[in-house]
> 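What follows is a single structure, and I will ask about it in a moment.
The structure displayed is predicted, hence computed values, not measured ones. Residue numbering restarts at 1 for every chain, and letters A, B, ... go by the order of the sequence lines.
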Amino acid sequence: MDFIRSMISRDLKTGKYDGRVVTRFPPEPNGFLHIGHAKSICLNFGLAAEHAGGICHLRLDDTNPDTEKAEFVEAMKRDIRWLGFDWEEHLYHASDYFEQLYRYALVLVDKGLAYVDSSTEEEIRERRGSVTTPGINSPYRDRSREENRDLFQRMRAGEFPDGSHVLRAKIDMAHRNMIMRDPLLYRIRHSHHYRQGDDWPIYPMYDFAHCLSDSVERITHSLCTLEFENNREIYDWLLVHVDAPVPRPEQTEFAPLVLDYVITSKRKLKELVRTGHMRGWDDPRMPTLAGLRRRGVTPEAIRKLCDMVGVARTQSRVDFGKFEFAVRDDLNRRAPRAFCVLDPLKVVLTNYPAGREEIFSAPRMPGDAAGSGTRELPFGREIRIDREDFAEEPPPGFHRLVPGGEVRLKYACTIRCDTVVKDEAGRVTELRCSFDPATRGGLAPQGRRVRGIIHWLKADRAVRAEVRLIDRMFAVPEPPSDDIVGALNPDSERIVASALVEPGVAGTPPGTHYQFERHGYFFSDPVDSGEDRLVFNRTVTMRDSWGARLRRRSPGIDGPRASDPERPDGDDGGTIRRPLSPEETLASDEERRRFRDLRSLGVSAAAAASLVRSPTAMELFEAARARYPEGVASIAAWLVNDFTRLLGSDDRTDAARLEPVAFADLVRAVDSEDLSHRQGRTVLAALLTRGGSLEEARAAADLAEIDDEGTLRDMLEGLVEEFPDKAAAFRDGRTGLLGFFVGQVMRRTRGKADPRAVSRLAEGILSAPGD
RNA sequence: UGGCCCGUCGUCUAAUGGCAGGACACCGGUCUUUGGAACCGGGGGUGGUGGUUCGACUCCACCCGGGCCAACCA
């Protein structure tokens with residue numbers, strides 16, 4: 001279960017959203033959906049489907065009139081449906097909320113939390129400062145509410161030209177989060193909106209429109225990719241300050257899908273289409289859903305990939321092999337088999353009568369796939385095989401056709417190569433072979449084991465087809481963002497104008513999957529293929545252990561593969577540096593002075609360094625020390641190791657509740673073994689959440705402890721009986737399993753057992769020889 | 001010289017403080033009329049250093065490494 005699903009389960013349990021799960025997929029209709037969007041679609045729609053009453057909205061985030069088109073909306077709808085998801089009646093447009101958004105903006109203006117800035121774009125940029133220097137206030141920042149309202153209303157009325165004013169939130173120009181430095185809320189844009197026409201001369205910015213659209217739609221979980229992390233702060237700020245209804249939607253970020261050899265920047269994909277490097281958004285080499293579909297990738301495969309990749313916050317790159325696996329895994333089950341000869345080499349069977357034809361039959365699907373039926377393969381004196389299935393000088397391990405050698409023609413018979421015919425240039429033009437009638441129809445006489453099995457086609461019955469050998473879009477796993485074009489794989493599409501396919505393939509309708517045996521999975525092009533012209537796109541090659549072996553032997557023959565063990569981008573490990581001592585990590589002389597004071601009191605170096613850095617902890621330390629002077633070292637250790645954690649973060653509000661006296665008493669109780677360390681932690685948690693004295697917290701916390709040896713022994717012996725294999729493994733040296741047994745006891749006693757006693761007993765019981 | 005986020009097999013991803021597991025890739029084997037598929041087996045991991053704890057991938061500190069943020073884009 002991923003962290004988002006865990007969070008939703010938690011929310012469901014606590015009733016945070018009254019049991020509602022409402023997600024949304026919010027693309028901007030300025031291009032085509034790609035494989036990266038697929039992850040988000042699977043997540044958002046998947047989440048809705050997994051929960052009773054769950055809903056996922058499709059919202060077109062159309063707040064930028066200059067880039068958006070109805071055509072893209074239609075394409076997106078088609079692609080989402082194709083992927084297998086349905087928004088039912090929940091189709092929305094951010095532009096439908098323009099009026100509502102405008103009113104929210106007026107709320108901010110009237111609260112004095114938004115102002116009209118009449119600076120130029122450059123001025124605004126300059127005054128924003130940098131990540132290390134604060135920004136400076138705009139001269140227009142202190143306009144009166146009345147003036148702001150008037151100006152903003154006139155912006156809306158269309159009185160001003162583009163760029164003359166913007167509406168900004170009034171937050172803090174020195175904020176450490178750049179996004180919070182008075183973010184722009186509205187800009188003036190006299191553009192035609194594909195949906196709203198010319199009704200609006202002002203358009204809301206993403207940060208303003210997005211959270212409010214979520215709120216308007218009563219979204220519960222607003223999921224987006226990691227790059228919006230910094231935007232979460234403004235998301236929450238706006239909802240609070242416009243008094244959006246509670247419970248409010250919450251933004252959670254997850255890692256985007258990044259695939260080796262692929263880019264998912266809509267801007268760059270658009271550029272490749274515009275410049276003609278790609279024939280269109282649906283070019284089979286494109287990572288767009290339209291391109292993948294045309295290439296023959298199935299929705300099931302894409303969903304499978306998303307499934308395998310999972311959802312996490314870790315910045316990740318997915319091996320291209322994982323994509324290929326997902327595609328093959330699906331196509332293997334659904335694609336009927338056929339023969340295809342890409343690079344024909346003439347083969348004459350000298351002992352087969354000219355003019356005669358016989359028919360071999362072959363299964364449409366391998367094995368005994370029920371009801372898949374058979375196909376017919378005509379056979380005769382003159383056939384064609386793939387040129388790469390013959391080698392005059394075979395590399396070691398090659399087991400296809402060689403001079404004087406034998407191969408099996410799949411589903412037909414074995415042949416022996418007697419003569420190699422070449423032209424003046426030395427190129428092989430024909431093989432003269434003899435066939436073995438005893439092997440006809442696939443019979444295999446005893447003791448005759450032929451290693452190589454190749455596909456073939458009868459020359460005069462083969463059908464011509466155009467085959468497009470699609471390969472990875474880029475030549476390198478991580479195309480540099482500053483030179484996308486230079487990184488393109490020059491062999492991303494090799495067109496074989498006259499390949500040959502078996503007769504049964506003739507008349508294949510567009511949009512049909514095949515496995516061309518030993519070559520890979522192919523898909524009849526939905527656009528270019530038709531009655532009179534067969535065009536196939538290669539969806540993916542077969543898994544190719546022979547090719548992999550050759551590449552290993554001579555790397556560079558086919559460029560690096562994502563799945564190769566050695567990637568070209570090596571890390572040099574970085575410089576090894578001597579670790580700093582705790583004292584050396586201190587910034588100022590003052591800190592170092594206090595550090596030495598603490599050390600002289602007997603506080604450990606690590607604890608002292610941490611204490612010195614935290615004023616809150618230091619204050620508590622001093623107060624607690626007054627109560628329990630002999631316990632300085634323990635107090636410091638508790639403060640550093642447990643107190644910070646229970647606080648959860650830098651939020652020090654809980655700290656106020658902690659009575660230094662109670663805290664000191666607690667440390668003393670543990671030091672004197674009046675409480676175990678474990679119990680001490682429980683009590684500290686109680687002290688932090690409810691305050692009060694040590695006695696009160698002790699009473700509130702359930703501290704009953706099981707340390708009765710007989711009870712614990714019984715439990716442990718029961719466990720040894722229950723898990724004899726684990727007990728045996730422990731005796732064989734897997735000492736880590738001690739933790740398993742201790743853990744089981746702790747779990748079954750709901751944490752009430754004394755772990756030290758359990759551990760000691762368990763060791764004795766487990767070490768005793770079993771019976 | 002900032003803030004926020006993130007570091008688990010080669011890759012992706014799990015593990016209320018208690019057995020470091022799964023998938024892809026890789027290697028080996030069985031079987032096979034696809035150098036395919038299926039099945040079986042194998043190697044391989046918690047960025048580092050300290051600390052807390054009976055016990056740390058998990059908590060604390062520091063270090064190292066990576067990502068994001070200074071569009072009137074989203």
> A/Arg10: which residues meet the salt bridge (Lys or Arg N to Asp or Glu O under 4.0 Å) condition with it, sequence neighbours left out?
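Salt bridge (Lys or Arg N to Asp or Glu O under 4.0 Å) list for A/Arg10, sorted by chain: empty.
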
> List in chain and number order the residues that pass side-chain hydrogen bond (donor to acceptor under 3.5 Å, both in side chains) with A/Arg364, two or more places apart in sequence or in another chain; answer none if no residue qualifies.
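Testing A/Arg364 for side-chain hydrogen bond (donor to acceptor under 3.5 Å, both in side chains), a comparison that skips the adjacent residues, returns none.
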
> Could you check whether A/Arg756 gets within reach of a base, just the sugar-phosphate, or nothing at all, counting any heavy atom under 4.0 Å?
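Sugar-phosphate, no base atom in range.
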
> Counting distance alone, no hydrogens or angles: does the base of B/G35 have a donor or acceptor under 3.5 Å from a partner atom on the side chain of A/His399?
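Per atom types, the contact qualifies.
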
> Tell whether A/Arg317 reaches the base of B/G10 with its side chain through a donor-acceptor pair below 3.5 angstrom.
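Result: no qualifying N/O pair found.
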
> With sequence neighbours left out, what residues match A/Met746 under side-chain contact (heavy atoms from CB on, under 4.5 Å)?
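For A/Met746 the side-chain contact (heavy atoms from CB on, under 4.5 Å) partners, ignoring immediate neighbours, are A/Arg678, A/Val742, A/Ala753, A/Pro755.
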
> Report each atom pair, protein N/O against N/O of nucleotides 41-43 of chain B, whose distance is under 3.5 angstrom.
none

> Please tabulate the protein-to-nucleotide N/O contacts below 3.5 Å involving nucleotides 20-22 of chain B, giving atom names and distances.
none

> Could you pull out all residues at least two apart from A/Phe516 that satisfy ring pair (Phe, Tyr, Trp, His ring centres under 6.0 Å)?
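Partners of A/Phe516 under the ring pair (Phe, Tyr, Trp, His ring centres under 6.0 Å) test: A/Tyr514, A/Phe522, A/Phe536.
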
> Can you give one letter per nucleotide of nucleotides 67-74 of chain B, going 5' to 3': B for a protein heavy atom under 4.0 Å from the base, S for sugar-phosphate only, - for none?
BBBBSBSB

> Quick one: salt bridge (Lys or Arg N to Asp or Glu O under 4.0 Å) partners of A/Glu227, sequence neighbours excluded?
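Salt bridge (Lys or Arg N to Asp or Glu O under 4.0 Å) list for A/Glu227, sorted by chain: empty.
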
> Listed by chain and number, what are the side-chain hydrogen bond (donor to acceptor under 3.5 Å, both in side chains) partners of A/Arg189, not counting sequence neighbours?
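Once residues adjacent in sequence are excluded, A/Arg189 has no partner under the side-chain hydrogen bond (donor to acceptor under 3.5 Å, both in side chains) criterion.
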
> List for me each residue that meets salt bridge (Lys or Arg N to Asp or Glu O under 4.0 Å) alongside A/Arg24, sequence neighbours excluded, and say none if there are none.
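With neighbours one apart ignored, the set is A/Asp214.
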
> Going by salt bridge (Lys or Arg N to Asp or Glu O under 4.0 Å), name the residues that satisfy it together with A/Glu517, two or more places apart in sequence or in a different chain.
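Here the qualifying residues are A/Arg375, A/Lys410.
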
> Let's test your reading of the model: under 3.5 Å, does the base of B/U34 pair with the side chain of A/Arg337 as donor and acceptor?
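Donor-acceptor pair under 3.5 Å: yes.
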
> What stems show up for RNA chain B when you take Watson-Crick pairs (N1-N3 plus N6-O4 or O6-N4) and G-U wobbles (N1-O2, O6-N3), both under 3.5 Å, and require three or more consecutive pairs?
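Output for stems: B:2-7 with B:64-69, B:10-13 with B:21-24, B:26-30 with B:38-42, B:47-51 with B:59-63.
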
